[in-house]
Amino acid sequence: LELRQTLERTVGQRLPATIAFEYPTIEALTRYLLTEVLQVTEPEPSVARSVEVVGSGQQEPIAVVSMACRFPGAATPEAFWELLLGGRDMGREVPGERWSVADTYDPQRPKAGKSYTRHGAFLEQVDQFDPAFFGISPREARGIDPQHRLLLEVSWELLERAGIAPSQLRESQTGVFVGLGEGEYGLLSGGQNLLQIDAYTATGGGHSLAAGRLAYTLGLQGPTLAVDTACSSALVALHLACQSLRAGECDLALAGGVSLLLSPTSFIALSQLQALAPDGRCKTFDASADGYGRGEGAGMVLLKRLADAERDGDQVLALVSGSAVNHDGPSSGLTVPSKRAQEQLLRTALAQAQVAPALVSYVEAHGTGTPLGDPIEVRALDAVYGQERVSALRIGSVKTNIGHLEAAAGIAGFIKTVLALQ
């Protein structure tokens, strides 16, 4: 803050509150002040511009032909849309069947071994599962991570909603692309008697098993993989599914993500980081933003090449015209986003889709409700989409309704946007 105030007095202009985080080196800060604030030198060619040329080839659109979900307060896409229309806030106190919040809560921040929030957005009955339906024995089911069980249920519903009998897909080139983070189910049994470890212990968890069990149960033989890129996991899985379809590696793809909050461990860890909002809510783009509220759920979409979907008479819910993936690279810290990297990502995706920025009317943003992340994201959106517009660009974040689903956050925002198009 002192650096920004000193610079404002020197250049005689207001500067963004995030300037020290967006330009974390003397060289980067100097270049910004000279080129964009004082405009005394010519700007250097943007890396993003060169990427835009490289990635400007036309890609075949990918059709979304079905969706299924389990989000707090909504077990179907239709219920999810009603929840959004009603502006409902699904935040609540940690359910008693998860853990005793009184044992782990302390409003002091941070306090070792404690969480300063006692709220989040939760699903009902995540312990319930019908193993016989999927040909799984009760003994094996007890060892399966509830995240994997939830994926089985939601993916089966996904096919039903597309009018596809799962038996039709046996030995087909159907791909599975799942985003998920570190499972907490193993933590609950970490102190188990070693004599209780059985033949199903090794196959009950693990990222690869989340996708592999789904492909095994449905008899699929396409690319099958699990993706963990933190909060972008589900969207990276979606991107990889689209790339696989375009490359001809698969003819149909299930893509999405899952995240469940089964243990207080991650609440306590994130409290030590002071990343969470005390009231457990994401106050996205708001002056009162003070951290994010956690949520849980699962969402899956069924994807096809557009030509195949039209040939098969599928209902096309939306099209993915282009997508891109990158990393923030050198920023001010491991958890601090980079405005320049976000700009580059947006421009690359637009180039892949061959869409002019001014034609975009809505952006479903990450929007976690943090006082640093939100301003950086909005400034990146403004730099790419905010120029030469004839109509407003609306931005939003589903996290204000159902919290931040972390590894599954991206698919929640994606499904929300597809529903909005309907």
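As a basis for the values below, the full set of heavy atoms in this structure was taken, side chains included, without hydrogen atoms, waters or symmetry mates.
- Between the CZ atom in Phe71 and the CG atom in Leu123 there is a gap of 9.0 Å [rounded to 0.5 Å].
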Report task. Could you give me the CA-CA distance, side-chain angles and deciding distance for Val176 and Leu225, then say whether side-chain contact (heavy atoms from CB on, under 4.5 Å) is met? Result -> CA-CA 6 Å; Val176 177; Leu225 54 99; over 6 Å; no
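- Nearest approach of Arg246 to Ser321, heavy atoms of both residues: NH2-O, 3.7 Å.
- Under the 3.5 Å distance criterion, the side-chain polar atoms of Ser233 are left unmatched by any main-chain donor or acceptor of Ala407.
- Listed for the Thr25 side chain is a donor-acceptor partner under 3.5 Å among the backbone atoms of Ala28.
- For the pair Leu303 and Cys242, the minimum side-chain heavy-atom distance is below 4.5 Å.
- Phe267 pairs by the ring pair (Phe, Tyr, Trp, His ring centres under 6.0 Å) definition with Trp99, not counting sequence neighbours.
- Note: Ser263 OG to Ile268 CD1 = 7.5 Å, rounded to the nearest 0.5 Å.
- Ionic pairing of Asp251 and Arg305 is present here: one or more N-O contacts between side-chain nitrogen and carboxylate oxygen are shorter than 4.0 angstrom.
- Within a 6.0 Å sphere centred on CD of Glu388, heavy atoms belonging to other residues, nucleotides or ligands number 12 at most.
- To the nearest 0.5 angstrom, Asp145 atom CG is 9.5 Å from Arg213 atom CZ.
- Side-chain atoms of Asp228 come within 3.5 Å of backbone N or O of Ala230 as a donor-acceptor pair.
- Taking the charged nitrogens against the carboxylate oxygens, Glu364 and Lys399 have no contact shorter than 4.0 Å, which rules out a salt bridge.
- More than 12 heavy atoms of other residues, nucleotides or ligands lie within 6.0 Å of OH in Tyr362, so this atom counts as buried by the packing criterion.
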Requested in this report: Give the C-alpha distance, both sets of side-chain angles, the deciding distance and a yes or no for salt bridge (charged side-chain N to carboxylate O under 4.0 Å, His left out) between Glu22 and Arg340.
Outcome: CA-CA 8 Å; Glu22 293 180 28; Arg340 292 188 67 188; over 6 Å; no
Query - Criterion salt bridge (charged side-chain N to carboxylate O under 4.0 Å, His left out) on Arg92 and Glu124, from CA distance to verdict - result: CA-CA 12 Å; Arg92 59 178 171 131; Glu124 301 285 351; 3.6 Å; yes
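- Smallest separation of non-hydrogen atoms from Gly257 and Ile411: N-CG2, 4.0 Å.
- Side-chain contact between Leu306 and Ile62 is absent, with no heavy-atom pair separated by less than 4.5 Å.
- Take Leu419 and apply the side-chain contact (heavy atoms from CB on, under 4.5 Å) test, not counting sequence neighbours, and it matches Met67, Pro77, Phe80, Trp81, Ile415.
- Looking only at distances, a side-chain donor or acceptor of Tyr116 sits under 3.5 Å from a matching main-chain atom of Leu276.
- For Arg161 and Glu157, the salt-bridge test fails: no basic side-chain N is under 4.0 Å from an acidic carboxylate O.
- For Phe21, the CZ atom counts as loosely surrounded, since its 6.0 Å shell holds 12 or fewer non-hydrogen atoms of other residues, nucleotides or ligands.
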Query raised in the report: So Glu184 and Thr265, side chain to side chain donor-acceptor pair (under 3.5 Å) or not? Walk me through it.
Result: CA-CA 8 Å; Glu184 297 182 325; Thr265 303; 5.9 Å; no
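- Closest non-hydrogen pair, Gly291 versus Ala277, comes out as O-CB, 3.4 Å.
- The cationic group of Arg149 lies under 6.0 Å from the six-membered ring centre of Tyr185 and within 45° of the ring axis, placing it in a cation-pi geometry.
- Within a 6.0 Å radius of CG in Leu1, other residues, nucleotides and ligands contribute 12 heavy atoms or fewer.
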Query - Trace of the side-chain contact (heavy atoms from CB on, under 4.5 Å) decision for Asp130 with Phe134 - result: CA-CA 7 Å; Asp130 183 1; Phe134 295 100; 5.7 Å; no
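- The heavy-atom pair separating Gly322 from Ala353 by the smallest distance is N-CB, 3.7 Å.
- Side chain of Ser172 to backbone of Leu169: a donor-acceptor contact under 3.5 angstrom is found.
- Under the rule for a side-chain hydrogen bond (donor to acceptor under 3.5 Å, both in side chains), the partners of Asp314 that lie at least two apart in sequence or sit in another chain are Lys304.
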Report task. Walk me through it: do Thr217 and Leu214 pass the test side-chain contact (heavy atoms from CB on, under 4.5 Å)? Result -> CA-CA 5 Å; Thr217 302; Leu214 185 51; 5.7 Å; no
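- Here the OH atom belonging to Tyr105 is positioned 7.5 Å from the OG1 atom belonging to Thr117, to the nearest 0.5 angstrom.
- At a threshold of 4.5 Å between non-hydrogen side-chain atoms, the residues Glu296 and Ile402 do not count as touching.
- With Gln272 contributing its side chain and Lys114 its backbone, the two residues share a donor-acceptor pair below 3.5 Å.
- In terms of modelled atom types and a separation under 3.5 Å, the side chain of Glu160 and the main chain of Ala165 share no donor-acceptor contact.
- For Ser271 (side chain) and Gln274 (main-chain N/O), no donor-acceptor pair under 3.5 Å exists by modelled atom type.
- Applying the side-chain contact (heavy atoms from CB on, under 4.5 Å) criterion to Arg170, with sequence neighbours excluded, gives no partner residue.
- With contacts defined as side-chain heavy-atom distances shorter than 4.5 Å, the pair Pro146/Asp127 does not qualify.
- Among all heavy-atom pairs drawn from Pro375 and Thr18, the shortest one is CB-CG2, 3.7 Å.
- Atom OG of residue Ser397 and atom CD of residue Glu377 lie 7.5 Å apart, to the nearest 0.5 angstrom.
- The closest donor-acceptor contact from the side chain of Arg88 to the backbone of Leu84 lies at 3.5 Å or more, if one exists at all.
- Across Thr284 and Thr368, no two heavy atoms sit closer than the pair OG1-C, 4.2 Å.
- Screening residues 400-412 for side-chain hydrogen bond (donor to acceptor under 3.5 Å, both in side chains) gives Tyr292-Glu406, Arg294-Glu406 as the qualifying pairs, with residues at least two apart or on separate chains.
- With sequence neighbours left out, the side-chain hydrogen bond (donor to acceptor under 3.5 Å, both in side chains) criterion links Glu153 to Arg70.
- Between Glu171 and Gln221, the side chains place no donor N or O within less than 3.5 Å of an acceptor N or O (distance only, hydrogens not considered).
- A donor-acceptor distance shorter than 3.5 angstrom exists from the side chain of Gln422 to the backbone of Val418, with no hydrogens or angles considered.
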Requested in this report: Take Leu238 and Phe177, measure what side-chain contact (heavy atoms from CB on, under 4.5 Å) needs, and give me the verdict at the end.
Outcome: CA-CA 7 Å; Leu238 181 69; Phe177 303 82; over 6 Å; no
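- Considering CG of Asp286 and CZ of Arg281, their distance stands at 14.0 Å, rounded to 0.5 Å.
- More than 12 heavy atoms of other residues, nucleotides or ligands sit less than 6.0 Å from atom CZ of Arg311.
- Each of Thr174, Val65, Val64 was scored for a side chain to side chain contact (heavy atoms under 4.5 Å, CB included) with Leu302, with one residue passing: Val65.
- Taking the side chain as every heavy atom from C-beta outward, Val227 and Leu240 approach each other to under 4.5 Å.
- The shortest side-chain heavy-atom distance between Leu151 and Val154 does not fall under the 4.5 Å cut-off.
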